[in-house]
Amino acid sequence: MLRSLFRRFCYTQNTIRYRVEWPRLRDAFEKIPRAGVLFDGGAGSGEFMRKALVGGYAEKGIALEFDEPTFQVMRANLGRRPDATLIQGSLLEVPLPDHTADVVMSTQVLEHIEDHQKAASELIRVLKPGGHAIITVPHPPEPSRMTGMCGRLHRGGSACAV
């Protein structure tokens, strides 16, 4: 209760990020079919996974977080949800079988990983053929000239710049 009031009325780096980034993520989710399984690689506190599940953009979510203290925050935020599976682990070695998720999401994570190509290849590995990837990295909050542009992934899915 206190945490939600704090998030609503106090601005921190994360609350500002959530307010700027979530509308763009929501726009991306609205352009693709509802996911049976949504994988969030580097889920942080689990806020975007929670919003995606509450918004009905996925039936089930799998959230992966590497950092132990942040994983504990995510567990407090999502741990009681029967539609969320939480995993502490690395995006460089995702402990899931190939083709697990209809949608993969990774927000503001790849820039923190030295081997970002390996991390991206793991996201694609767990993505089902024809699935969709929603990946963000930092950029100023003004609209990008690529906003709304979508491209095809090599297995028939898509990725959009939002």
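With sequence neighbours left out, the salt bridge (Lys or Arg N to Asp or Glu O under 4.0 Å) criterion links D115 to no other residue. Listed by chain and residue number, nothing satisfies the side chain to side chain donor-acceptor pair (under 3.5 Å) test with T85 (two or more places apart in sequence, or in another chain). The salt bridge (Lys or Arg N to Asp or Glu O under 4.0 Å) search around R34 returns E59, not counting sequence neighbours. Listed by chain and number, the residues in a side-chain contact (heavy atoms from CB on, under 4.5 Å) with P82 amount to none (sequence neighbours excluded). For D98, the side chain to side chain donor-acceptor pair (under 3.5 Å) partners two or more places apart in sequence, or in a different chain, are R125. With sequence neighbours excluded, the residues forming a side chain to side chain donor-acceptor pair (under 3.5 Å) with E68 are Q72, Q88, listed by chain and number. Residues passing the side chain to side chain donor-acceptor pair (under 3.5 Å) test with R75: none are found, sequence neighbours excluded. Applying the side-chain contact (heavy atoms from CB on, under 4.5 Å) criterion to A119, with sequence neighbours excluded, gives L91, L92, L110, I113. Not counting sequence neighbours, the partners of S121 by the side-chain contact (heavy atoms from CB on, under 4.5 Å) test are K118.
Among all heavy-atom pairs drawn from S106 and G41, the shortest one is OG-O, 2.9 Å. Taking both residues in full, the closest heavy atoms of A35 and L38 are given as CB-N, 4.3 Å, listed atom of the first, atom of the second, then distance. The two atoms that bring V20 and R24 nearest to each other are O-NH1, 2.7 Å, heavy atoms only. Scanning all heavy atoms of the two residues, the minimum distance from I134 to A28 falls at CD1-CB, 4.0 Å.
Of the options L86, L64, D40, a side-chain contact (heavy atoms from CB on, under 4.5 Å) to M49 is made by D40 and by none of the others.
Within 6.0 Å of atom CD in E93, 12 or fewer heavy atoms from other residues, nucleotides or ligands are found, so the atom counts as exposed in its surroundings. Within 6.0 Å of atom CD in Q117, 12 or fewer heavy atoms from other residues, nucleotides or ligands are found, so the atom counts as exposed in its surroundings. Within 6.0 Å of atom CZ in F71, more than 12 heavy atoms from other residues, nucleotides or ligands are found, so the atom counts as buried in its surroundings.
E122 places a side-chain N or O within donor-acceptor distance of the main-chain N or O of V94, the cut-off being under 3.5 Å. Judged purely by atom type and a 3.5 angstrom limit, D102 uses its side chain to pair as donor or acceptor with the backbone of V37.
Taking CG of L127 as the reference point, atom NE2 of H99 lies at 8.0 Å (rounded to 0.5 Å).
For the pair R50 and E47, the salt-bridge criterion is met [side-chain N within less than 4.0 Å of a carboxylate O].
Among residue pairs with one or both ends in residues 23-45, those qualifying as ring-ring contact (aromatic ring centres under 6.0 Å, His included) are F29-Y57; sequence neighbours excluded.
Here the side chains of I87 and L96 are in contact, with some heavy-atom distance below 4.5 Å.
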